[in-house]
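We name chains A, B, ... by the order of the sequence lines, and we start the count at 1 in each one. Computed over heavy atoms, backbone and side chain alike; hydrogens, waters and symmetry mates excluded.
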Number of protein chains: 2
Amino acid sequence: MMPSPAPNPVTVSEPDPSRRNNLALLTSLVHHNGGLSRAQLTKRTGLNRSTVGTLIGQLVNLEVVYETAPSGEAQVGRPSPIVRPRPSIAALAVNPEIDAVTIGLVGLGGKVQKKIRFDTERIPTAKEAVNIAAAVIAGMRSELDTSYRVMGVGIAVPGLVNRDDGVVRHAPHLGWRDEPVARMLGEATGYPCHAANDASLGAEGELLFGAGAGQKNLIYLNGGASGIGGGIIADGALLRGTSGYAGELGHTFVRSSGKPCHCGATGCLETEVSQSPLFELAGLGGGDAGQLEQALRANSSEAVGAEVARQLEYLGIALRNAVNTFNPEAIVLDGFLGVLHALSPGTLDSLLRSQALDGPAGQVKIYRAALGSDLMMIGAAELAFTQFLADPAGAFPIPTLSQADHAESGALAQSGTLP
Amino acid sequence: MMPSPAPNPVTVSEPDPSRRNNLALLTSLVHHNGGLSRAQLTKRTGLNRSTVGTLIGQLVNLEVVYETAPSGEAQVGRPSPIVRPRPSIAALAVNPEIDAVTIGLVGLGGKVQKKIRFDTERIPTAKEAVNIAAAVIAGMRSELDTSYRVMGVGIAVPGLVNRDDGVVRHAPHLGWRDEPVARMLGEATGYPCHAANDASLGAEGELLFGAGAGQKNLIYLNGGASGIGGGIIADGALLRGTSGYAGELGHTFVRSSGKPCHCGATGCLETEVSQSPLFELAGLGGGDAGQLEQALRANSSEAVGAEVARQLEYLGIALRNAVNTFNPEAIVLDGFLGVLHALSPGTLDSLLRSQALDGPAGQVKIYRAALGSDLMMIGAAELAFTQFLADPAGAFPIPTLSQADHAESGALAQSGTLP
DNA sequence: TGGATTTGTTTCGCTATCCAACATATTACG
DNA sequence: CGTAATATGTTGGATAGCGAAACAAATCCA
């Protein structure tokens with residue numbers, strides 16, 4: 001008759017973890033806003049000026065943040081110095097896809113310092129993806145060791161991922177099943193590794209650094225070559241569910257006697273709304289969302305209009321459900337879903353207004369994603385940052401100093417074949 | 001460029017509210033478990049023995065809890081006294097329905113002390129419901145003032161309710177629109193009043209005291225005369241959304257070209273799955289879920305089986321969506337939905353296993369609700385308790401002592417006509 | 001009866017925080 | 001140009017919530 005386990009049972013090693021919260025709060029605030037004045041920090045946290053002062057002092061000592069001269073904005077009163085995140089505190093991001101594995105380095109503050117896209121000629125297996133990532137990371141290793149403090153690696157996988165143990169339960173488009181990618185990459189690199197669903201991480205990325213900044217309830221939907229992924233932010237936190245599988249809005253039911261989906265059901269959103277017919281109508285063999293939008297805008301045929309309308313109608317049903325269920329402030333559409341919405345701006349809004357319940361529908365706004373190709377890197381890095389953000393003072397004795405803090409954001413491109 | 005307001009801006013009157021959390025934690029634990037030994041409390045909270053000791057001492061002084069002799073369970077070591085919630089700390093619950101307004105008094109610990117059902121001859125307006133509730137409460141007033149400390153009133157409304165301001169946005173079956181019921185009842189009684197959706201409160205009730213005890217992610221669905229309401233618990237907390245409208249699973253899309261729903265859409269769960277055809281087939285004019293179940297079990301006609309199967313199929317679609325979206329551990333079915341499930345036990349499980357995604361579907365279990373007719377009282381009372389539970393030491397100078405703590409749970413029945 | 005075990009109790013010390021007073025840097029206004 | 005007004009950083013107590021350790025009490029077990 002013990003309903004639930006102890007929330008705070010062991011880990012008595014550190015002194016009083018329940019009280020170190022405000023240090024973490026300040027760190028997150030600085031990280032997610034890329035720099036805030038001390039005055040703003042006191043307002044945001046509700047803490048005392050003096051408390052913020054001492055805490056910031058600690059973070060400066062820990063080399064987590066640094067202070068710069070006040071911004072030029074003219075205001076009455078003593079100017080407040082700006083507290084900025086050190087980009088030398090960094091996390092690695094890995095994103096395996098159908099045709100590439102992308103590895104990135106993201107600094108505290110969410111700036112992508114480095115991005116390396118490794119094109120593959122066929123769909124990578126889990127082992128291959130891990131090998132590629134490990135090799136690229138090994139190549140960066142000396143730079144990482146001298147100029148950064150790497151807090152870990154985050155892996156964004158298009159599929160069902162158990163966030164607790166980092167096992168990919170099923171990634172249909174990659175053909176992966178029960179692959180312990182986090183453990184594999186952890187053993188290969190020595191860094192602590194975590195894995196999660198790519199759309200969930202995208203939702204967090206857009207929430208913290210993108211179109212949904214400052215919202216507390218938002219729904220993120222991404223349409224790509226491998227279907228539709230979703231991530232849900234409820235009350236400021238990602239909806240995870242029992243094992244981190246939550247958010248699979250791509251398999252929302254939208255049509256009776258619809259086509260069978262690879263998931264075993266019929267009439268899923270992702271079988272009715274997909275990018276391949278759009279690419280065909282646009283006369284494109286492949287490409288990204290931007291190219292698709294251009295091509296569709298150039299083509300004003302009826303067939304295009306009909307297909308766009310058809311897909312928007314099904315998307316509208318899924319969004320109606322989501323709005324009734326979550327009562328969000330914002331819906332963020334990424335990939336080709338963003339294109340659909342942009343091609344016919346008012347359609348989804350009016351569908352929602354007429355079909356969803358009055359209350360929830362009246363408050364929701366639909367946005368297009370803002371972070372583009374950096375999103376996955378930022379989201380995955382956030383996964384690796386979480387542990388650090390929860391306790392910025394704990395567990396890193398690495399005194400490595402560096403000058404990488406003001407490095408420019410350089411993006412490399414590279415390609416190769418599978419090993 | 002200010003993404004969000006200060007989380008802790010004003011209310012500087014009380015000394016350091018950020019540190020009073022463990023007192024609240026203990027209070028909630030005792031409340032929701034109806035009594036725990038001090039040893040269990042230390043394990044659950046992870047706090048030090050001595051800390052728990054002092055905190056419990058405070059709660060005893062505040063007359064929030066009392067200690068009783070250790071339970072008879074034989075164990076090695078010094079027996080630990082049981083900390084019990086004082087039922088004299090109480091909250092009022094109000095639940096307007098189509099044919100009645102029910103008023104209840106619930107003590108800390110979740111025991112219903114009193115329940116008065118006021119039958120109405122027609123659907124009550126908001127004003128009538130408030131009048132009835134206020135009159136019944138006025139009648140109890142002297143007892144309340146002498147024997148209880150009433151923390152407030154919670155109103156459970158079948159409809160869209162803005163939890164922040166207590167305004168009923170739209171309760172279709174009651175015919176209410178934009179009714180500020182919380183303010184109305186607050187003015188009529190002088191108690192702090194809050195209102196929320198009935199199914200949301202049901203979800204919380206079942207989570208804390210019923211079938212879902214100890215779960216962190218569960219979905220509650222209630223089927224009644226006025227349709228299907230839903231409440232979602234994610235990560236231990238009720239999903240509220242921007243304004244508390246979240247959880248309307250009754251309007252999940254389950255059928256293309258289905259019947260039009262009063263919400264403006266078509267193919268909603270609540271139009272396809274409803275209790276009236278079941279009552280007809282059972283040959284009943286009305287009644288509760290228990291009577292319906294008995295009648296349907298007695299009737300083994302094909303028509304009944306077909307209708308049950310049809311409704312279960314649509315319910316399965318809605319549950320499939322919900323499972324894919326939330327990855328819950330448990331689904332709790334109440335009202336006639338519980339009957340449907342009980343009549344054909346394995347059906348929903350196998351529907352989920354074949355149609356929902358592997359990961360989430362493998363973990364979910366379907367339960368029938370456990371709290372019966374007390375649920376709404378408990379849930380609504382919880383709404384009134386929340387403020388108190390967040391700060392048990394703050395804001396009640398009422399030193400009223402009482403002997404109602406050991407009163408028996410008495411349920412009254414009463415009926416009348418509209419004023 | 002005595003040891004093992006678990007838990008309540010007491011005392012003490014730590015530390016995160018707030019508060020109040022003071023110092024400093026800026027704008028506003030004469 | 002100087003003074004007032006304003007907002008903020010800084011410093012030195014004071015406080016309170018909590019943990020650690022030692023001790024005391026109440027149970028089971030051999």
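- For C:dC19, one of the phosphate oxygens OP1 or OP2 lies less than 4.0 angstrom from a side-chain nitrogen or oxygen of A:N48.
- As rounded to whole Å, 7 Å separates atom P of D:dT8 from atom CD of A:Q75.
- A donor and an acceptor atom sit less than 3.5 Å apart, one in the side chain of A:R49 and one in the base of D:dG9.
- Distance, A:L55 CG to D:dG9 P: 13 Å, rounded to whole Å.
- Counting to the nearest Å, the P atom of D:dA16 and the CG atom of B:N22 are 17 Å from each other.
- In this entry the distance linking CG of B:L47 with C1' of D:dA20 reads 14 Å, nearest Å.
- Going from atom CG of A:N21 over to atom C1' of D:dG17 covers 14 Å, rounded to whole Å.
- For A:F385 and A:H194, the distance between ring centers is not under 6.0 angstrom.
- Judged purely by atom type and a 3.5 angstrom limit, A:E206 uses its side chain to pair as donor or acceptor with the backbone of A:A211.
- The environment of A:Q387 atom CD is sparse: at most 12 non-hydrogen atoms of other residues, nucleotides or ligands sit within 6.0 angstrom.
- Atom P of nucleotide C:dT17 and atom CG of A:L41 are separated by 14 Å, given to the nearest angstrom.
- Residue B:I56 contributes atom CD1, which lies 15 Å from atom P of C:dT7 at whole-angstrom precision.
- Within the 4.5 Å cutoff, no side-chain heavy atoms of A:T45 are placed close to those of A:N22.
- Look at A:S80 and you'll find a side-chain N or O under 4.0 angstrom from OP1 or OP2 of D:dG9.
- Across all strands shown, B:P70 has no heavy atoms under 4.0 Å from either base or sugar-phosphate atoms.
- If you measure from atom CG of B:L23 to atom C1' of D:dA16, you get 13 Å, rounded to the nearest angstrom.
- The listed nucleotides are D:dT27, C:dT26, C:dT24; the one nearest the side chain of A:R78 is C:dT24.
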- Task: Start with the C-alpha distance between A:H32 and A:L389, add both sets of side-chain angles, then the distance that settles side chain to side chain contact (heavy atoms under 4.5 Å, CB included), and finish with yes or no.
- Result: CA-CA 11 Å; A:H32 294 146; A:L389 289 174; 4.2 Å; yes
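- Closest-nucleotide positions on DNA chain D for A:R38 and A:G77 were compared, and the one nearer the 5' end corresponds to A:G77.
- Residue side chain B:S50 reaches the base of D:dA20 through a donor-acceptor N/O pair under 3.5 Å, judged by distance alone.
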